[in-house]
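For reference, the structure discussed in these notes is given below.
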There are 2 protein chains.
Amino acid sequence: MTSPKSQLFEKFADLARVLGHAHRLELLEHASQGERSVERLAQLAGLSVANASQHLRHLHSGGFVQSRRDGNRVLYRLGDGPILELLSALRCYAERSRAEVREIVADHFAQLDRLEPVSREELLGRLQDSSVILLDVRPKDEFALGHLPGALNMPLNELERRLSELPKDQEIIAYCRGPYCILSFEAVATLRANGYKIRRLEDGFPEWKAAGLPVEAAA
Amino acid sequence: MTSPKSQLFEKFADLARVLGHAHRLELLEHASQGERSVERLAQLAGLSVANASQHLRHLHSGGFVQSRRDGNRVLYRLGDGPILELLSALRCYAERSRAEVREIVADHFAQLDRLEPVSREELLGRLQDSSVILLDVRPKDEFALGHLPGALNMPLNELERRLSELPKDQEIIAYCRGPYCILSFEAVATLRANGYKIRRLEDGFPEWKAAGLPVEAAA
DNA sequence: TAACTATTCAAGCAATTAGTTGAATAGTTG
DNA sequence: CAACTATTCAACTAATTGCTTGAATAGTTA
């Protein structure tokens, strides 16, 4: 009865089902920034620790995260394989074919078009002539776990009070956790309002790292 | 409480959950061959009509299939957007990262390596010098709904008795429903056993069509 | 070893989902 | 219109999933 094809469909369905919960997608996004304890992930996703632990075990069973023990805590990180590609295909389908999704994006990330995001390829070129300032607007601890080479870390909540550290005559490129992370959108809005030349990277740190591009960790 | 990002995660999760059932993945594969009635899809997937109808409504709610009424039946077909790309990303992740999946593939599609599948690009080139026979081993009715230009239809169950129609001195390329459809694997096995030069296309009809390549329908 | 922290496990309840059955609906045909 | 076909809907049961709570486990520290 269970033909090999049905068995494969079962396996594929199991994996899809693991991705079929908003909390797990959010935990996955946070884990893909770098290694994180269960408690921290729970906090970031607004879940109880036990609940986060359960969802993380689900993700683990599908190979989407890996874990290791460090002292009395367990650290989760993104798993192996083309996970970000799979998530990107999901986003891509949703954005192109589902009107509700396009609506949410249009309502809340309305500047999308006007911001003219920068692709990874373009950024790579620009970094070599060092004609840009690269700005990482994620929280300090995520920055410490890894960031783009030469990036300046200025978490969103510190941005306004540290404006003077940024030059107005050079282009700034901001990035954060990924394509739908609002941090870099808000950074762009704030800085543009203050007369800076700023654009955002079209995706975030995990995608950069997964593309095999160079990454720096905290000193 | 429902930030735009959470809303998006909810939508993405909804879509993933629709793909999170083996029966739906199977129905989707069949619907992507061409328009099919509920009854036929139910039969192909081995489900009751009511059950198939329910799963199809799920797929419909996620936009993975579209439907239209034709007389007293309702025909379902593949929906718009990069659906096959999403499914391919899922397969790709599963195959690269999940050992159980690799095992099933290795056990049941063991010839995979030895068969040296032909890519779409290679096939396109070969078709122009007409140096190959193109063989569609899907059932007659699926062939009638659409097939690769110039393909010869020989359903698997007719293959052995119609061997004489095929030349032994020309290379044959077989294709079927998609990358894990066993039809073309079995065709290759049968024909090789009989001394034919045959290889298989690496994916199937739906992927060919989705790539925007030319397709023929029944006369 | 005792007290402590971080995580997982187990039990239980509520909510959701899968499947069956039979009735309702839309359309066709005599 | 009546009889018929194909599909969907509604009601129901069984199974699964999500979440909470409290206990168990692994590791640290006094």
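Any value given below was found using the heavy atoms of this structure, including those in side chains, with hydrogens, waters and symmetry copies removed. Model, not experiment: these values are computed from the prediction.
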Please identify each residue that fulfils ring pair (Phe, Tyr, Trp, His ring centres under 6.0 Å) with His30(B), with sequence neighbours left out. none

Asp136(A): partners by side-chain hydrogen bond (donor to acceptor under 3.5 Å, both in side chains), with sequence neighbours left out: Arg138(A), Tyr175(A)

Applying ring-ring contact (aromatic ring centres under 6.0 Å, His included) as the test, list every pair that has at least one member in residues 65-87 of chain A; sequence neighbours left out. none

Tell me which pairs pass side chain to side chain donor-acceptor pair (under 3.5 Å) where either residue lies in residues 205-218 of chain B, with sequence neighbours left out. His147(B)-Glu216(B)

Tell me, please, the opening and closing nucleotides of DNA chain C, 5' to 3', among those with an atom under 4.0 angstrom from a non-hydrogen atom of chain B. dT17(C) to dT28(C)

Would you please name every residue forming a side-chain hydrogen bond (donor to acceptor under 3.5 Å, both in side chains) with Arg102(B), sequence neighbours left out? none

Partners meeting side-chain hydrogen bond (donor to acceptor under 3.5 Å, both in side chains) with Arg40(A) (sequence neighbours left out): Gln43(A), Asp141(A)

Can you name the atoms? Protein N/O to nucleotides 9-13 of chain D N/O, anything below 3.5 Å, with the distance.
from   : atom 1 : to       : atom 2 : distance (Å)
dC9(D) : OP2    : Arg57(B) : NE     : 3.3

Within the pair Asn51(A) and dT20(D), is there a side-chain N or O less than 4.0 Å away from OP1 or OP2? yes

Among residues 19-41 of chain B, which residues get a heavy atom nearer than 4.0 Å to DNA chain C? His21(B), His23(B), Arg24(B)

Below 4.0 angstrom, N of the basic side chain to O of the carboxylate: do Glu26(B) and Lys5(A) qualify? no

Which of residues 62-76 of chain B sit near DNA chain C, with a heavy atom under 4.0 Å from it? Arg69(B), Gly71(B), Asn72(B)

List the atom pairs, with distances to 0.1 Å, where a side-chain N or O of residues 47-55 of chain B and a protein N or O form a donor-acceptor pair under 3.5 Å, not counting sequence neighbours.
from     : atom 1 : to       : atom 2 : distance (Å)
Ser48(B) : OG     : Asn51(B) : N      : 3.1
Asn51(B) : OD1    : His55(B) : NE2    : 3.4
His55(B) : ND1    : Arg24(B) : NH1    : 3.1

Among His60(A), Arg77(A), Glu35(A), which one satisfies side chain to side chain donor-acceptor pair (under 3.5 Å) with Gln66(A)? Arg77(A)

In short, the helix from dT1(C)-dA30(D) to dG30(C)-dC1(D) is bent end to end, axes from five pairs each side, to 10°, by 10°

With sugar-phosphate meaning primed atoms plus P, OP1 and OP2, does His58(A) contact a base, only sugar-phosphate, or nothing at under 4.0 Å between heavy atoms? sugar-phosphate

